[in-house]
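Contents: one structure, followed by commentary.
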Amino acid sequence: MSETLARAGGDGGAAARPRKRIIVLTGAGVSQESGLATFRDAGGIWARYRIEDVATPDAYARDPARVLDFYTQRRAQLRDPAIDANDAHRALARLAGSDRHELLLVTQNVDDLHERGGSAGVLHMHGELFKTRCLACDRLVDDRADLTVARACDGCGAAGRLRPHVVWFGEMPLELDRIYSELMDCDLFVSIGTSGHVYPAADFVRAARSAGARTLELNLEPSEGATSFHDARYGPASILVPAWVDEILA
């Protein structure tokens, strides 16, 4: 049995020990197995647009109709009945439901697949695609409808001031203070399906490790920061994650 599993409560006698604090970070590789294209996929929705044209504050200011159309397409993709949570999402929900461990699930994904898989209290550091924010009154609401410039805010009535509740390039990810505080106090940090290219998420392993946590990478292939992890396993998330959760809960 690896030290990672032992620290996370993988052996017997868990009732005699304090609950282990686990932070899991997920990235696009988890959603990809549900049929959602990742940022770097050839032929995916992102491949038809430049970041500068659809995913920055300047792009929204310059051509809000184009930006809103892009996110309307992403919402439509996520509403497709063929898109659903996979075994990795469901396994993490099982882990969250265990009374043997304390789990904080942080995701870089703006989809709702973790929630569909049964997880509650997911920290979406890059926002949520099915939420809309009004720039006039700062009202934030659940919203699965199409986004258009003509739509008015149901709260203040302002038209042309709605935007998707997602973090664009050049904007600060959400709840970073809380995330880093939790990283300083966790026993195990696990990164699942991430490329290791996007900061500050790519820095989480360093922060957790410097605070004394064990670190584990579960990924299709080694990430940019693979050498920073104590342990690693490579393969599809829908296979690796359920197997790892089974070991943790055994």
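This one's a predicted model, so the numbers in the text were calculated from it and none came from an experiment. No hydrogens, no waters, no symmetry mates; every other heavy atom, side chains included, goes into these values.
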Could you give the distance from OG (S228) to CZ (R209), rounded to the nearest 0.5 Å? 7.0 Å
Drop me the distance from Q108's CD to H126's NE2, to the nearest 0.5 angstrom. 5.0 Å
Hey, any chance I179 and I22 share a hydrophobic cluster, counting ILVMFWY side chains that come within less than 4.5 Å of each other, even indirectly? no
S238 versus D87, closest heavy-atom pair with distance: O-CB, 3.6 Å
So if you build clusters from Ile, Leu, Val, Met, Phe, Trp, Tyr with side-chain heavy-atom gaps below 4.5 Å, do L147 and L140 land together? no
Name the one of E128, H124, R133 that satisfies side-chain hydrogen bond (donor to acceptor under 3.5 Å, both in side chains) with H165? R133
Are any of the side-chain heavy atoms of E171 and P57 separated by less than 4.5 Å? yes
Nearest-0.5 Å distance that lies between atom CG in L249 and atom CG in L95: 5.5 Å
Whether R90 side chain and G118 backbone form a donor-acceptor pair below 3.5 Å: no
Kindly determine whether R74 and V166 satisfy side chain to side chain contact (heavy atoms under 4.5 Å, CB included), including the steps that lead there. CA-CA 12 Å; R74 295 192 68 190; V166 297; 5.7 Å; no
Side-chain heavy-atom pair L92, W244 within 4.5 angstrom cut-off: yes
Are the charged groups of D246 and R94 less than 4.0 angstrom apart, N to O? yes
Indicate the atoms forming the closest heavy-atom contact of G127 with V167, along with that distance. N-CG2, 4.1 Å
For D185, does its backbone N or O pair with a side-chain atom of R21 as donor and acceptor, under 3.5 Å? yes
Quick one: does R144's side chain have a donor or acceptor within less than 3.5 Å of a partner on R79's backbone? no
Under 6.0 Å from the CG atom of D80, do we count more than 12 heavy atoms belonging to anything else shown? yes
Measure the CG-CZ distance between D112 and F130 for me, rounded to the nearest 0.5 Å. 5.5 Å
How close do A88 and V241 get, heavy atom to heavy atom, and via which atoms? O-CG1, 3.8 Å
Which word best sums up how the rings of H114 and H89 line up, parallel for under 30°, tilted for 30 to 60°, or perpendicular for over 60°? perpendicular
Treating E217 as the side-chain partner and F229 as the backbone partner, does any N or O pair qualify as donor plus acceptor under 3.5 Å? no
Side chain to side chain contact (heavy atoms under 4.5 Å, CB included) between L25 and M125: does it pass, once the steps are laid out? CA-CA 10 Å; L25 171 71; M125 62 178 293; 4.3 Å; yes
Show your reasoning for whether salt bridge (charged side-chain N to carboxylate O under 4.0 Å, His left out) applies to D69 and R66. CA-CA 5 Å; D69 178 67; R66 184 176 190 182; over 6 Å; no
Is the backbone N or O of D146 less than 3.5 Å from a side-chain atom of R151, with the two atoms forming a donor-acceptor pair by type? yes
Between the main-chain N or O of I83 and the side-chain N or O of R116, is there a donor-acceptor pair closer than 3.5 Å? yes
Quick one: which of D143, D154, D142 gives a side-chain hydrogen bond (donor to acceptor under 3.5 Å, both in side chains) with T132? D143
Using the rule that Ile, Leu, Val, Met, Phe, Trp and Tyr join whenever any side-chain heavy atoms are under 4.5 Å apart, tell me whether V245 and L105 fall into a single cluster. yes
At their closest point, which heavy atom of S223 faces which heavy atom of S195, and how far apart are they? CB-O, 3.4 Å
Picking from T227, L183, T215, what satisfies side chain to side chain contact (heavy atoms under 4.5 Å, CB included) with V205? T215
Note: C137 and C156 closest approach over all heavy atoms is SG-SG, 3.8 Å
Look at the aromatic rings of F204 and Y180 and report parallel, tilted or perpendicular, splitting at 30° and 60°. perpendicular
Are L135 and W168 linked, directly or through other ILVMFWY residues, by side chains that come within less than 4.5 angstrom of each other? yes
Taking C-beta and beyond as the side chain, do S191 and N219 meet within less than 4.5 Å on heavy atoms? no
Within this structure, what is the OH-OH distance for the pair Y71 and Y60, rounded to the nearest 0.5 Å? 12.0 Å
What's the spacing between L104 CG and C186 SG if we round to 0.5 Å? 9.0 Å
Side-chain contact, heavy-atom cut-off 4.5 Å: K20 with L188? no
The residue among T26, N86, T107, D111 that forms side-chain hydrogen bond (donor to acceptor under 3.5 Å, both in side chains) with S31 is D111
Residues K131 and E115 bridged, charged N to O under 4.0 Å: no
Assess whether side chain to side chain contact (heavy atoms under 4.5 Å, CB included) is satisfied between L78 and L36, documenting all intermediate values. CA-CA 8 Å; L78 195 52; L36 290 179; 3.7 Å; yes
Here the pair of heavy atoms bringing T56 nearest to E52 is OG1-O, 3.6 Å
Return yes if some donor-acceptor pair links the side-chain N/O of T72 with the main-chain N/O of L68 below 3.5 Å, else return no. yes
Pairwise side-chain contact, D53 with R62, heavy-atom cut-off 4.5 Å (strictly under): yes
With the 4.5 Å side-chain cut-off for hydrophobic clustering, are F70 and V110 part of the same group? yes
